[in-house]
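Remarks on the structure that follows.
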There are 2 protein chains.
Amino acid sequence: MDDEEASQRVLDAAEALFYERGLQSVGIDDIRSTSGVSLKRLYRCFHSKQELVTAYLDRTDRRWRAALANYVRSAAEDPRDAILAVFDWLGLWFAEPGFRGCAFINAHGELGEVSPAVAAATRRHKEALLAYLTQLAEQAVPGAGRALANQLLLVVEGSIVTAAVHGASGAASAGRAAAAALLDAAELSRTARLHRD
Amino acid sequence: MDDEEASQRVLDAAEALFYERGLQSVGIDDIRSTSGVSLKRLYRCFHSKQELVTAYLDRTDRRWRAALANYVRSAAEDPRDAILAVFDWLGLWFAEPGFRGCAFINAHGELGEVSPAVAAATRRHKEALLAYLTQLAEQAVPGAGRALANQLLLVVEGSIVTAAVHGASGAASAGRAAAAALLDAAELSRTARLHRD
DNA sequence: TACTCTAGAGAACGGCCGTTCTCTACGGAA
DNA sequence: TTCCGTAGAGAACGGCCGTTCTCTAGAGTA
């Protein structure tokens with residue numbers, strides 16, 4: 001086993017444990033025994049727990065956003081469907097075993113500004129999500145994408161949090177319905193604007 | 001200083017510290033020194049840290065929901081305004097110094113099912129919030145309150161989380177705009193339903 | 001075979017945390 | 001004044017955690 005594979009195993013273990021139990025509840029020794037990587041090598045690959053947390057959040061950010069974008073790209077035909085597909089994907093995610101909300105919201109809630117690195121990673125993740133939603137919203141309702149995306153972001157975050165606290169039931173479909181209504185409203189005010197000018 | 005006052009002081013210190021730094025980052029000694037209550041008395045009033053956490057969450061739940069309901073009651077004239085006033089109050093809350101999101105979402109994100117007591121308190125709090133929103137929504141759009149409240153809850157939660165991560169700017173007003181659009185949509189489909197029947 | 005280098009296992013270390021215990025001082029009753 | 005009960009201060013205890021260090025075994029090379 002070379003360092004590359006060891007890093008992956010450690011990161012896999014860290015992801016599973018951090019996501020399930022939180023950052024502070026998981027000890028390095030838990031990650032060591034779960035990954036099967038010796039402490040010596042673990043500390044060669046990641047110089048500290050903090051570095052491991054950062055790597056965990058970075059990889060989660062990349063994977064999560066890629067999975068969402070892939071699903072939306074392959075499931076949606078037009079811009080409006082794309083936005084609704086976001087919530088279909090959320091529903092699939094919520095139904096996964098072990099779902100426990102957004103890793104970033106959880107980490108940020110746990111540490112907040114106590115850990116500037118975690119806070120910064122959370123902000124980056126949410127900004128990227130907002131940028132993605134803005135892109136989708138701009139395609140669906142040209143000229144009103146930014147305002148719509150801000151509202152959609154609230155519904156997405158709310159769905160995730162509600163699903164995490166209450167279990168999957170209904171949060172995704174309620175979010176989808178809310179998104180559809182917000183889309184309708186944005187389209188309506190856009191056509192009204194066009195007719196006025 | 002009697003036990004009653006000591007309990008209040010301890011709870012005040014716990015609230016400030018837990019909310020700012022999270023549950024696990026705060027030690028009993030921090031609470032002792034901040035409250036100025038001796039360790040002996042502290043443990044007489046609260047038998048363990050867990051009990052103190054539970055008391056903190058309970059009091060926060062009561063105060064938070066009372067503050068929201070009071071504001072809405074005094075600020076809104078009709079049912080529609082009441083729902084929009086919820087987001088005005090959120091905006092005031094977000095702007096308070098030291099605002100760091102929802103104490104329950106943070107605690108739940110930190111510990112999740114690792115602490116069943118925290119998870120249960122979070123569920124209770126959010127169910128009470130949903131019940132309150134359902135009551136407001138039912139007054140605004142009779143017969144469609146439940147569905148509307150489910151959507152409003154998502155927007156409320158999303159606003160809180162977004163404000164916590166990104167700072168106050170815009171989350172409350174975006175939430176207000178989204179709520180208004182969702183209200184319009186619910187009213188529209190209600191009148192359509194009435195005309196159909 | 002003899003030597004060297006590396007890796008793994010886990011002991012060790014310093015520090016913190018929740019909780020309990022000890023010691024001292026003091027206020028009120030006899 | 002003497003005794004008693006209580007309170008506070010903080011030491012003590014057991015345990016965990018992140019990180020480093022030690023020791024041993026084995027693989028590769030001459």
Side-chain angles (χ1 to χ4, degrees), chain A residues 1-58 106-107 110-118 121, chain B residues 1-58 106-107 110-118 121:
Chain A
M1 180 167 60
D2 59 355
D3 280 10
E4 178 59 32
E5 194 197 332
S7 292
Q8 289 302 317
R9 284 204 204 181
V10 169
L11 217 37
D12 289 345
E15 179 179 326
L17 295 172
F18 284 153
Y19 183 69
E20 182 189 345
R21 294 194 229 151
L23 268 24
Q24 293 179 100
S25 296
V26 172
I28 290 286
D29 218 54
D30 298 323
I31 294 171
R32 183 199 54 75
S33 61
T34 301
S35 65
V37 170
S38 77
L39 223 45
K40 193 175 199 169
R41 198 197 274 264
L42 194 158
Y43 270 96
R44 189 170 352 113
C45 296
F46 303 92
H47 303 83
S48 68
K49 186 181 180 181
Q50 172 60 54
E51 195 173 315
L52 190 49
V53 167
T54 303
Y56 151 62
L57 291 177
D58 279 359
N106 292 347
E110 177 171 355
L111 292 172
E113 299 300 330
V114 168
S115 167
V118 166
Chain B
M1 181 169 55
D2 60 355
D3 279 10
E4 178 58 33
E5 193 196 332
S7 292
Q8 289 302 319
R9 283 204 205 181
V10 168
L11 216 37
D12 290 344
E15 179 180 326
L17 295 172
F18 284 153
Y19 182 69
E20 180 188 345
R21 295 193 228 152
L23 268 24
Q24 294 179 98
S25 296
V26 172
I28 290 286
D29 219 54
D30 298 324
I31 294 170
R32 183 199 54 74
S33 61
T34 300
S35 65
V37 170
S38 77
L39 223 45
K40 193 175 200 169
R41 199 198 276 264
L42 194 157
Y43 270 96
R44 189 174 348 117
C45 296
F46 303 92
H47 303 82
S48 67
K49 186 181 181 181
Q50 172 60 55
E51 196 174 313
L52 190 48
V53 167
T54 302
Y56 152 62
L57 291 177
D58 280 358
N106 292 347
E110 176 171 355
L111 291 171
E113 298 301 329
V114 168
S115 167
V118 165

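Computed from a predicted structure; not experimentally measured.
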Inset, instruction - With the side chain counted from C-beta on, respond yes when V37(B) and M1(B) share a heavy-atom pair under 4.5 Å apart, and no when they do not. - result: yes
Inset, instruction - Give, ordered by number, those residues of residues 19-30 of chain B having at least one heavy-atom distance below 4.0 Å to an atom of DNA chain C; if nothing qualifies, reply none. - result: V26(B), G27(B), I28(B)
Inset, instruction - Name the closest nucleotide to the L39(B) side chain, picking from dG8(D), dG10(D), dT22(D). - result: dG10(D)
Legend entry - Rounded distance (nearest 0.5 Å) linking atom OG of S48(B) with atom CD1 of I28(B): 8.0 Å
Inset, instruction - Give the rounded distance in Å between these two atoms: CZ of R41(A) and P of dG10(C). - result: 17 Å
Legend entry - Length of the line joining Q50(B):CD and dG18(C):P, which is rounded to integer Å: 12 Å
Legend entry - Spatial distance of atom CD (E15(B)) from atom CG (L11(B)) [nearest 0.5 Å]: 7.0 Å
Legend entry - Interatomic distance, Q50(B) atom CD to T54(B) atom OG1 [nearest 0.5 angstrom]: 4.0 Å
Inset, instruction - Find the distance between CG (L23(A)) and CD (E110(B)) and round it off to the nearest 0.5 Å. - result: 9.5 Å
Legend entry - Rounded interatomic separation in angstrom, taking CG from D2(A) and C1' from dA7(C): 14 Å
Inset, instruction - Verify the contact: side-chain N or O of R44(A) to OP1 or OP2 of dA7(C), cut-off strictly under 4.0 Å; return yes or no. - result: yes
Legend entry - Polar side-chain contact K40(A)-dG8(C) base: donor and acceptor under 3.5 Å: yes
Inset, instruction - Please state how far atom CG in L52(A) lies from atom C1' in dT19(D), giving the value in whole angstrom units. - result: 14 Å
Legend entry - Nucleotide nearest Y43(B) (side chain, heavy atoms from C-beta), chosen from dT19(C), dG8(C), dT19(D): dT19(C)
Legend entry - Spacing of L42(B) atom CG relative to dA9(D) atom P, expressed in whole Å: 12 Å
Inset, instruction - Find out whether D12(B) and S35(B) are in side-chain contact, i.e. whether some heavy atom of one side chain is under 4.5 Å from a heavy atom of the other. - result: no
Inset, instruction - Measure the distance from CG on D3(A) to P on dT6(C) and round it to the nearest whole Å. - result: 13 Å
Legend entry - Inter-residue atom distance L17(B).CG - S33(B).OG, 0.5 Å rounding: 8.0 Å
Legend entry - Whole-Å distance separating the CZ atom of R32(A) from the P atom of dA9(C): 8 Å
